[in-house]
Enquirer: 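A single structure is presented below for examination.
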Amino acid sequence: MPRLQLAPSILTADFGRLTEEVQSVAPYVDWFHLDVMDGHYVPNLTFGPSTVEAVRRACDVPLHVHLMINNPKDFAAPFAAAGASRITFHPEVAGEPESVIESIVGAGCGVGFAVHPDIDLDFVSKYLSELDVVLMMTVRPGFGGQKFMNEVVPKIEAARQLVDSEGARADVEVDGGVKIDNIDLVVNAGANIVVSGSGIYDGMDAPAAARRLRSRLEQLAATVGEAS
Ligand code: DX5
Ligand code: ZN
């Protein structure tokens with residue numbers, strides 16, 4: 001099992017104090033997860049490259065941009081320039097995902113597929129060798145603070161098996177509804193990167209929430225046989 005990592009989503013953070021919100025949890029996390037929504041792929045609008053730049057200026061933690069937009073190919077370069085280290089998109093929006101992968105890799109970023117809860121995993125294997133991450137959605141994309149979908153757990157296990165059986169380098173990441181009370185479930189199912197939005201930016205004490213999730217991952221590392 002690759003190293004267990006924590007990735008806060010800033011979607012439910014207080015954007016009026018974004019720099020402070022980012023810097024308060026940066027010491028306890030491995031990535032920041034930045035949800036970009038266009039009001040078309042999902043019924044919500046969030047932010048663009050300038051917000052990614054603001055997070056980039058606030059910390060040196062790697063940034064993972066999760067594109068929930070209909071034209072990911074057009075935005076690979078602007079988000080890479082804004083400071084993204086990794087860019088993930090929903091391949092069902094792209095006629096030919098290969099050209100989107102090329103645009104993201106060509107812009108110097110790691111690349112990933114986001115797998116919608118209603119979409120099968122099968123199509124991933126064709127591209128797996130080119131991917132740095134498979135992002136398993138455990139809520140329907142579009143909003144933070146939704147309830148975790150337990151019915152997706154077998155798909156996380158299947159993604160872990162697919163990656164391990166193919167000897168692929170891709171991380172298996174889960175996104176949506178993950179909190180301290182179900183983080184064990186997703187790690188034991190095979191996820192090595194955990195996104196948490198409202199589980200950290202809960203409007204109370206984000207650094208304490210991040211520390212709790214971090215120390216739980218450290219405890220779990222011993223049980224799941226984390227590779228050093
Ligand atoms: C949902 C986003 C998630 C979300 C996670 O479409 O992709 O990243 O912000 O937030 P929580 O952990 O609150 O579900
Ligand atoms: Zn996301």
Side-chain angles (χ1 to χ4, degrees), residues 5-15 18 21-22 25 28-48 51-52 55 61-70 72 75 79 84-93 104 109-119 131-153 155-156 159 171-187 189 191 193-206 209-210 212-214 216-217:
Q5 299 162 61
L6 182 61
S9 160
I10 64 165
L11 197 57
T12 50
D14 177 354
F15 276 55
L18 189 57
E21 293 267 70
V22 166
V25 304
Y28 316 111
V29 307
D30 304 285
W31 298 85
F32 276 101
H33 184 88
L34 309 176
D35 293 301
V36 175
M37 303 178 187
D38 65 354
H40 298 288
Y41 178 71
V42 287
N44 195 4
L45 272 176
T46 57
F47 48 80
T51 300
V52 173
V55 178
V61 175
L63 307 182
H64 182 183
V65 171
H66 175 193
L67 294 179
M68 287 160 275
I69 66 175
N70 278 347
F75 284 92
F79 281 110
S85 315
R86 227 176 221 187
I87 298 177
T88 287
F89 67 102
H90 287 257
E92 73 273 20
V93 302
I104 292 171
C109 288
V111 62
F113 276 359
V115 182
H116 189 286
D118 303 340
I119 292 191
L131 302 179
D132 298 286
V133 62
V134 177
L135 183 73
M136 304 300 296
M137 297 298 306
T138 41
V139 296
R140 286 193 170 75
F143 301 92
Q146 299 181 78
K147 191 172 174 308
F148 180 84
M149 296 170 68
N150 281 304
E151 59 268 41
V152 179
V153 171
K155 249 169 97 179
I156 302 169
D171 289 310
V172 175
E173 183 165 2
V174 289
D175 184 17
V178 181
K179 298 185 168 36
I180 195 70
D181 57 3
N182 60 11
I183 194 167
D184 292 33
L185 177 66
V186 296
V187 170
I193 307 182
V194 174
V195 175
S196 186
S198 52
I200 291 177
Y201 292 112
D202 54 6
M204 293 184 284
D205 187 343
R212 265 195 307 276
L213 289 168
R214 158 104 278 145
R216 189 63 200 141
L217 284 179

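Numbering of ligands and ligand atoms starts at 1, following listing order.
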Enquirer: When you look at H90 and Y41, which way does the ring-ring contact (aromatic ring centres under 6.0 Å, His included) test go after all the steps?
Expert: CA-CA 9 Å; H90 287 257; Y41 178 71; 4.7 Å; yes
Enquirer: In the structure I gave you, are the side-chain heavy atoms of V115 and L135 within less than 4.5 Å of one another anywhere?
Expert: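 They are not in side-chain contact.
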Enquirer: Check whether any side-chain heavy atom of F32 lies under 4.5 Å from a side-chain heavy atom of V22, and answer yes or no.
Expert: yes
Enquirer: For the Zn ion (ligand 2), give me the closest N/O/S atom belonging to H66, just the atom name.
Expert: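 Looking only at N, O and S atoms of H66, the one nearest the Zn ion (ligand 2) is named ND1.
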Enquirer: Any carboxylate oxygen within less than 4.0 angstrom of a Lys/Arg side-chain nitrogen, looking at R140 and D118?
Expert: yes
Enquirer: Any luck finding a side-chain donor-acceptor pair between T138 and K155 under 3.5 Å?
Expert: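 Result is no, nothing qualifies.
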Enquirer: Restricting to N, O or S atoms of H33, which is nearest to the Zn ion (ligand 2)?
Expert: NE2
Enquirer: Taking only Lys NZ, Arg NE, NH1 and NH2, and the carboxylate oxygens of Asp or Glu, determine whether D171 and R86 approach each other closer than 4.0 Å.
Expert: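 So D171 pairs with R86 through a salt bridge.
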Enquirer: Rounded to the nearest 10°, what angle sits at the Zn ion (ligand 2) between OD2 of D175 and OD1 of D35?
Expert: 170°
Enquirer: Between N70 and D38, does the side chain to side chain contact (heavy atoms under 4.5 Å, CB included) criterion hold? Intermediate values first, please.
Expert: CA-CA 7 Å; N70 278 347; D38 65 354; 3.8 Å; yes
Enquirer: Around ligand 1, what residues show up once you keep those with a heavy atom under 4.0 Å from it?
Expert: S9, L11, H33, D35, M37, H66, M68, M137, P141, G142, F143, G144, G145, D175, G176, G177, S196, G197, S198
